[in-house]
Each structure stands twice: as structure tokens, then as C-alpha cells.
Engineer: 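First the structure, then my questions, so here it is.
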Amino acid sequence: EKEIIPAAGQGVIAVQTRKGEYFDFMKYVNDKESEICSKAERAFVRKFDGGCSSPIAAFAELKNNKIKITGFYADDSIFEIKSILGNIDDGEELGIELAEKIKEVIYKYER
């Protein structure tokens with residue numbers, strides 16, 4: 001396991017263009033694996049309504065046509081780290097599922 005889980009999307013470079021401009025060449029720049037991982041990580045963070053200053057982290061990695069997402073969430077003195085493994089095509093759904101599983105654990109602590 002990782003000792004430190006990075007914030008979602010760390011190391012990803014995003015390119016923004018003006019509407020109507022020619023940018024077809026960007027399809028040669030996009031790394032599909034990075035796109036899949038970053039979308040899964042962002043789905044995890046969105047489920048917590050997190051942002052840049054939230055104590056939330058996510059790291060997705062691809063191997064053998066599978067995606068593994070590790071998520072971290074902290075609130076006051078409570079923190080939880082969990083992972084989920086699934087089909088590469090289900091990355092965003094798995095990010096949401098992982099967030100829901102961590103929310104369940106956090107909710108039990110709060111009771």
C-alpha cells in the first residue's frame with residue numbers, strides 16, 4: 001500500500017481551449033490511461049463534495065485491464081483509507097462506490 005495518497009489528479013496536465021478554435025491535434029497528446037485514472041479519482045472526490053482544501057485523497061492505477069482506486073478521507077479525528085478493484089471501464093462508478101463505502105465507515109464512527 002501507499003504511505004501517502006496524493007490529491008486526485010496529481011501530475012495530470014489539463015489543456016483548455018477557446019470555443020471554435022482548432023484543437024483536433026490534442027487527441028495525439030491525450031494519455032487515455034491518465035484520463036481513466038483521473039476521472040475515477042475525481043468521481044471519488046466529488047462524492048464527498050470535496051475541493052482543493054478538503055482532507056480527501058485518491059489514487060487510481062491500471063493493471064491487467066483492471067483499475068484499483070485507493071481513497072482517503074479525514075474529518076476531525078476520524079480518517080479512513082480503503083481500496084477497490086474493478087473493471088477498467090467502470091472507473092468513475094468505482095470511485096463513487098469507494099466513497100460510499102468510506103462514508104458508511106465514517107458514519108459509524110460518528111454515531
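Residue numbers run from 1 in the order of the sequence given.
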Engineer: Tell me the salt bridge (Lys or Arg N to Asp or Glu O under 4.0 Å) pairs involving residues 78-87, sequence neighbours left out?
Structural biologist: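 Those involving residues 78-87 are Glu80-Lys82.
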Engineer: Which Ile, Leu, Val, Met, Phe, Trp or Tyr residues join Val12 in one cluster when any pair of side-chain heavy atoms under 4.5 Å counts as a link?
Structural biologist: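 For Val12, no cluster forms, as it stays isolated from other hydrophobic side chains.
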Engineer: Tracing side-chain links under 4.5 Å among I, L, V, M, F, W and Y, which residues wind up in one group with Ile13?
Structural biologist: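 Grouped by the 4.5 Å side-chain rule, Ile13 forms a cluster of one, so the answer is none.
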Engineer: Specify the closest pair of heavy atoms between Gly71 and Ile102, including all atoms of both residues, with the distance to one decimal.
Structural biologist: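 Minimum heavy-atom contact is O-CD1, 3.7 Å.
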Engineer: How far apart are the C-alpha atoms of Phe79 and Ile106, what are their side-chain angles, what is the distance that settles it, and do they pass the side chain to side chain contact (heavy atoms under 4.5 Å, CB included) test?
Structural biologist: CA-CA 8 Å; Phe79 71 91; Ile106 298 296; over 6 Å; no
Engineer: A side-chain contact here means heavy atoms from C-beta on lying under 4.5 Å apart; do Leu62 and Cys37 qualify?
Structural biologist: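 A side-chain contact under 4.5 Å exists here.
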Engineer: Do you know which two heavy atoms are closest between Ala60 and Glu41, and how far apart they sit?
Structural biologist: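 Minimum heavy-atom contact is N-OE2, 2.8 Å.
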Engineer: Ignoring hydrogens, what is the shortest heavy-atom contact between Ala58 and Phe44? Give both atom names and the distance.
Structural biologist: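 For Ala58 versus Phe44, the nearest heavy atoms are CB-CD2, 3.7 Å.
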Engineer: Sequence neighbours left out, what passes side chain to side chain contact (heavy atoms under 4.5 Å, CB included) with Pro6? Give chain and number order.
Structural biologist: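 Applying side chain to side chain contact (heavy atoms under 4.5 Å, CB included) to Pro6 gives Gln10, Phe59.
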Engineer: Ile56 and Ile78: same hydrophobic cluster, using ILVMFWY side-chain contacts below 4.5 Å?
Structural biologist: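 Yes, Ile56 and Ile78 fall within the same hydrophobic cluster.
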Engineer: Between side-chain atoms of residues 20-34 and protein atoms elsewhere (two or more places apart, or another chain), which donor-acceptor pairs fall under 3.5 Å?
Structural biologist:
residue	atom	partner	partner atom	Å
Asn30	ND2	Glu35	OE1	2.7
Asp31	OD2	Ser34	N	2.8
Asp31	OD2	Ser34	OG	2.8

Engineer: Listed by chain and number, what are the ring pair (Phe, Tyr, Trp, His ring centres under 6.0 Å) partners of Phe72, not counting sequence neighbours?
Structural biologist: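 With sequence neighbours excluded, Phe72 shows a ring pair (Phe, Tyr, Trp, His ring centres under 6.0 Å) to no residue whatsoever.
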Engineer: Does Val105 belong to the same Ile/Leu/Val/Met/Phe/Trp/Tyr cluster as Tyr73, with side-chain heavy atoms less than 4.5 Å apart forming each link?
Structural biologist: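 They do share one cluster, since a chain of ILVMFWY contacts under 4.5 Å joins Val105 to Tyr73.
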Engineer: Just so I know, are the side chains of Ile67 and Leu85 near enough to count as touching, which here means a heavy-atom distance under 4.5 Å?
Structural biologist: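 Sidechains of Leu85 and Ile67: no contact.
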Engineer: Who are the side-chain hydrogen bond (donor to acceptor under 3.5 Å, both in side chains) partners of Glu104, not counting sequence neighbours?
Structural biologist: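 Once residues adjacent in sequence are excluded, Glu104 has no partner under the side-chain hydrogen bond (donor to acceptor under 3.5 Å, both in side chains) criterion.
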Engineer: Just distance, no hydrogens or angles: give the donor-acceptor pairs under 3.5 Å from side chains in residues 87-100, sequence neighbours left out.
Structural biologist:
residue	atom	partner	partner atom	Å
Asn87	OD1	Asp89	N	2.7
Glu100	OE2	Lys47	NZ	3.4

